[in-house]
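Position 1 is the first residue of the sequence, and the numbers go up from there. We count ligands from 1, going down the list as the structure has it; atoms in each ligand are counted the same way.
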Amino acid sequence: MTERTLAIIKPDAMAKHAIGDIIQRYEGAGLHPIAMKMTKLSKEDAEGFYAVHRKRPFFHDLCTYMASGPVVVLVLEGDNAITKNRDLMGATDPKKAEAGTIRAVHGASIEANAVHGSDATETAQFEMGYFFPELK
Ligand code: CMP
């Protein structure tokens, strides 16, 4: 089933100049960027995006971190895009991510974990609308 998912290349991966490598991995897996922008989030932008996590102890640090440098935000389209992207990324904690996954290769810590990817259909809808309200 063709699906869309939202991905973010986070500030740590940007600082490592890993944009090209990460997009190559998406494309190599059949996840095609259909919308993409480089931007710098404000703390408020990050808080709105991660609102589902607002009660978690890591929320404040996560939002401060996501606003600490530029990011690339993409909508990826492909067969089973949500699950496929989660498999490509690996576990949230890079130390637990399977070898060869984006987070295992590029992630530094659970916070600086290189990439974000939507985890379900509903969150993908919310996240794509948050950054690309013009996409239908
Ligand atoms: P992400 O996929 O962007 O979704 C929420 C983010 O919170 C997650 O990746 C991590 O970078 C970050 N985070 C920080 N601490 C934790 C934690 N203890 N558990 C889960 N996510 C965490």
Notebook entry, point to check: Linking Ile, Leu, Val, Met, Phe, Trp and Tyr through side-chain heavy atoms less than 4.5 Å apart, which residues share a cluster with F58?
Noted result: L6, I8, I34, L41, F49, Y50, F59, L62, Y65, M66, V71, V73, V75, F126, M128, Y130, F131, F132, L135

Checklist line | E77 side chain vs H32 backbone, donor-acceptor pair below 3.5 Å | finding: no

Item checked: Geometric N/O contact R103 with ligand 1, under 3.5 angstrom -> yes

Checklist line | N113 (side chain) donor-acceptor with P94 (main chain) under 3.5 angstrom | finding: no

Item checked: Any donor-acceptor N/O pair, R103 side chain to G90 backbone, under 3.5 Å -> yes

Next item on the list: Check if Y65 has a non-hydrogen atom at a distance under 4.0 Å from any atom of ligand 1.
Entry: no

Checklist line | Numbering as shown, the atoms of ligand 1 that approach K10 to under 4.0 Å (heavy-atom distance) | finding: 1 (P), 3 (O), 9 (O), 11 (O)

Check: Under 4.0 angstrom from ligand 1, any heavy atom of M66?
Finding: no

Next item on the list: Write out the residue and atom name of the closest protein heavy atom to atom 21 (N) of ligand 1, then the distance separating them to 0.1 Å.
Entry: F58 CZ, 3.6 Å

Item checked: Which residue and heavy atom of the protein sit nearest atom 4 (O) of ligand 1, plus the separation -> Y50 CE2, 3.6 Å

Check: Relative to ligand 1, is T92 under 4.0 angstrom through side chain, backbone, both or neither, heavy atoms considered?
Finding: side chain

Checklist line | Protein residue, atom and distance nearest to atom 1 (P) of ligand 1, heavy-atom basis | finding: H116 ND1, 3.3 Å

Check: What residues, two or more places apart in sequence or in another chain, satisfy side-chain contact (heavy atoms from CB on, under 4.5 Å) together with D119?
Finding: R86, T123

Margin query: Looking at K10 and A112, would you say the former's side chain and the latter's main chain have a donor-acceptor pair under 3.5 Å?
Written below: no

Item checked: Candidate with minimal heavy-atom separation from atom 7 (O) of ligand 1, of L62, V52, D61 -> L62

Check: Is the closest basic N to carboxylate O distance between D12 and K16 below 4.0 Å?
Finding: no

Next item on the list: For ligand 1, note which part of I110 has a heavy atom under 4.0 Å away: side chain, backbone, both or neither.
Entry: both

